[in-house]
Amino acid sequence: MAYPTLENVLRILTLQDHNTRIVLAGACAFGVAAGLVGAFLLLRKRSLLGDTLGHATLPGVAIGFLIAYGTGIDPRSFLPLALGATLTSVAGIAALLLIRRFSTIKDDAALAIVLSVFFGFGVALLSAIQQLPGGFASGLEHLIYGSAATMSSTDTSFVLVSSLCIAVICIALFKEFSLLCFDEPYARSSGWPATALDLLLMSLVVWTTVVGIQTVGILLVVALLVIPPASARFWCDGMGAMATVSALCGGLSCLFGVFLSALFPKWPTGALIVLSAGAIFAAGLVFGPTRGILIRSIRTRREELKLRRDHMLRAVFECAENSSESVPLSQLLTKRPWSRRHVTSEIARLADRGLLTFSLSNDSVQLTTTGLSEARRLVRNHRLWELYLIQHAEIAPAHVDRDADRIEHVLSLRIVEELEDILDQRPHDRLVPRDPEKSHL
Amino acid sequence: MIWTELDTWIVIAGALTAMSCALPGVFLQLNKQSMLGDAISHAVLPGIAIAFLLSGSKDTLPMLAGALAAGVLTAILSGTIQRIGQVEQGASLGVVFCVFFAVGILLVRVAADHVDLDPSCVLFGSLELAVIQSSGIPKVVWTSLITLAVNSVLVALFFKELRLSAFDNRYAASAGIPPESVRLGLTILTSITSVMAFESIGSILVIAMLIVPGATALLFCRSVGSVLFASLGFAALASAGGHLLAISTIPAMLSYLLDNPDIGSVSSAGMMATCAGLMFFSILLGKILSKPRGASVTQVDTQ
Amino acid sequence: MTTPPLQINSLNVSYHSKLVLWDVGVSIQPGRTTAIVGPNGAGKSTLLKAALGLIPASSGDISFYGGPLRKCRSRVAYVPQRESVDWDFPVNARDVVAMGLYRRIGWCLPVRSIHRRMADEALADVGMADFACRQISQLSGGQQQRVFLARALAQKADLYLMDEPFASVDAATEQAILAVLERIKNAGGTVVCVHHDLETVAQYFDDAVLLNMRIVAQGPVIDVMTPENLRKTYGARLALVDELETNLSSSIPARK
């Protein structure tokens, strides 16, 4: 395999090739549009709708071809094929809605049914076309494998205009589509035409699919509808941010893919775009700041360490009975079921942070001033939480790190005061340390 | 239309394959994994290409092994991404099979430097070609018969585990049936069944027969057992009907419409899928039309 | 006499050819809180959904403030069951509450800062002001329920239809919801709640509708929640009713 020369690389990166420019513009515009539409599809839990509709275009393409052939038009001209493709994918949507409305068949099964039945019919019609004189069948095959690299400038302007329209509709109806995806019954009850919105969203998918299949191939359509939105969820938490990132991922995948295929002309553009999207997805899966594996494991690890620190501080605090007296290690070991190794390593860590001091001479530890106030805060928080759970029989607020979040940040001041009152009224109860921050005032 | 011995074999091979797909398919559908068949049909491509590049031959066995590995990997990988990445099921499946397929296309293109490997021969294996044999029972009938037998035995043996984990996987887990392993077993079984059929018959029949007969049965059957038997029936019926359409009705219609008498029979596998769909949608429509309408309800109330 | 906020006459609803509501007639009184009570599968939620046109009715007529719903959409707010949505959705509490304002904002226009402020006010009304920016998956069940309630409040409607707002919520949320009900009533609004807990009906609500596929009784709580009516509603589950009888007889007189 020949590696591209530096000259070549520069030539491509500076977009000196007319062909590269055309393909790049078309593909990136399509990637952005598909990323936007795909974001809504993902949140509507219908990611694979594009897959189904993409396959459902095959009989349409075949029918368009046959009609054109029968009426004497050039069967490979664009219009009849696109019309046919639109027609059968709309029929596919109708079939999906029919199944959804009138049976208990699950959505994923409905998608599989429509996909396989329509595609099967398409395959049958294609096998008939193959028997027609003139050898047209090979021309239809590129629809399935994609041929982004052979986009003409007419194709590109068609893709550009369509992508622009799709993107504009998505942005204009952003709030309506989000509401539909989040809570359809509520949208309906407050007077939004939910069915019409749903149909519009699906029509956008059809539009994307038909545009895409004509130019970049079915595989690329499915990939760009599914992968960028799934990647976006690793990077952000909000709906607007997600749609933006998804569109960006779609555009970037196309950018990388097209550059790569310009560098290695033998490699198929479509596959390279999908692989770029896949690489972006993998990067998000590992490094994504909201849901990536790395950040989640770091978070878990940090919480674990913090929990261990807090336990140790509390143990020392309880042994020293709310003072900065020194506590022998043997007492700590009897207090909690900890191994000596655990205790010493933990103490070393706390000593590093200046929370306590360790004296070798009498094998005991002593809280520093910072350590003492930190321990007071912890114990106070812990007791208040305990009380809160008992008093309010609350199903504990999920995802609250009870020791880390200061209770005032999670509960209202009123409840905290109420809890403090209760604690004060209970003389038998262990004294709750006062809020160290208040005591400084 | 002339019905030959070949047609009989096509129907038999198609029916056996369809039935062997329908069995695991019912449970796939109950597990909400219906799109797995389609995903596997795309995802086997890199497996086949790698097997070809490694072995350097177009022998069936290495290709089958490669396809199988890729199929199982798809199922496992998409499950893993779904779990550890908290990605929705359909999306994780979509990500995996798209990427696999892209790798496959790339490899095929690389391999094409050396020798011609046509990816379409994998996706559209032909039922008509598979049964052509000088005499005796075609090989494809034997392989599909064996697949059907194995699937039937496995489904019969693990019926209650499959049913329970499809119905309520938390309870199943508490009752000592780990839903993960049941699901894994099911996806492996599906992969094997699909790949066996891809090689001889092509993917479209498999994708359709995994889901459509079971869905048709689910329209009116109440128990999992009856769904299984009904789906076997629908699968066989769809094969026979589909082939009949493929060799008579469709060619006749097309020839008439196009004014071109040269069109012979069309793809049987494609028409078998279509026929299964026709059965599904006609039963669905029948259900919709026979549903008691508003008027009759009011009459009950005014009594 | 004023027109009732919600009037339902001879409503029939069937689901998968099984009759769920049978000749149901309900009249909701303005300025009062009404509980719809009945056993599981009695069609309580179905009644609300059918009234709002979310599921098709076989027959019957429904009027909101004397007219069809489409004439007074803005006066009616719906609080769906918490389980009906995916809480893993990428929005925060404020975004959800702002959804209650979407109709007022209108087609294609974005949510502006004035709307965000209104959303924050509604969140403060349910005691959730501190959680505005929190991702909804990180809220507890009760907090999620309060977010839904705030979304309806943001709508500033006159009639609130709530589907099981008290189902499996914590004590703090229960108090917050009760305070909201009180506030709505004081402002002259009307509340209809699907409610599952028989014991609290008399404390929380003014009126009750006993429903088990058909209406068993409706009217002020004192008149409706009689052992006889309950027995008719809950059928053979007598043990439950007997147990409640003692509770009710003690709780009802306690209330004025």
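Lettering of chains follows the sequences in order, A, B, ..., and the numbering in each one begins at 1. Predicted model, so just to flag it, every value in this text is computed and none were measured.
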Nearest-0.5 Å distance, CG of residue A/Leu179 to CE of residue C/Met99: 5.5 Å
Toward chain C, the part of A/Met242 with a non-hydrogen atom under 4.5 Å: side chain
Among the listed options C/Glu174, C/Gln155, C/Lys49, the residue most often paired with chain A at heavy-atom distances under 4.5 Å: C/Gln155
Proximity breakdown for C/Asn92 and chain A, heavy-atom pairs closer than 4.5 Å: neither
Check: A/Asp183 and C/Phe89 side chains under 4.5 Å, non-hydrogen atoms: no
Which of C/Phe148, C/Tyr102, C/Tyr78 touches chain A most, by non-hydrogen pairs under 4.5 Å: C/Tyr102
Enclosure of A/Arg302 CZ (heavy-atom neighbours >12, cutoff 6.0 Å): no
Over 12 foreign heavy atoms within 6.0 Å of CZ, C/Arg183: yes
A/Tyr186 side chain near C/Arg151 side chain, heavy-atom distance below 4.5 Å: yes
Residue C/Val96 versus chain A: region with a heavy atom under 4.5 Å: side chain
Among the listed options C/Leu109, C/Leu52, C/Leu161, the residue most often paired with chain A at heavy-atom distances under 4.5 Å: C/Leu109
Shortest non-hydrogen contact between A/Arg188 and C/Arg73, atoms and distance: O-NH1, 3.5 Å
Contact class of A/Cys181 relative to chain C, heavy atoms under 4.5 angstrom: both
C/Ile136, part contacting chain A, at a heavy-atom distance under 4.5 Å: side chain
Any C/Val91 side-chain heavy atom under 4.5 Å of A/Ser178 side chain: no
Between C/Gly106, C/Gly127, C/Ala157, the one whose heavy-atom pairs under 4.5 Å with chain A are most numerous: C/Gly106
Side-chain heavy atoms of A/Arg233 within contact of C/Pro90, under 4.5 Å: yes
Neighbours of chain C found in residues 189-198 of chain A - heavy atoms under 4.5 Å: A/Ser189, A/Ser190, A/Gly191, A/Trp192, A/Pro193, A/Leu197
Shortest non-hydrogen contact between A/Pro185 and C/Leu54, atoms and distance: O-CD2, 3.4 Å
Residue-level interface, residues 164-177 of chain A with chain C, non-hydrogen cut-off under 4.5 Å: A/Ala172, A/Leu173, A/Lys175, A/Glu176
Charged N-O contact under 4.0 Å between C/Asp88 and A/Arg291: yes
Non-hydrogen atoms of C/Val85 and A/Phe182 that approach each other most closely: CG1-O, 3.4 Å
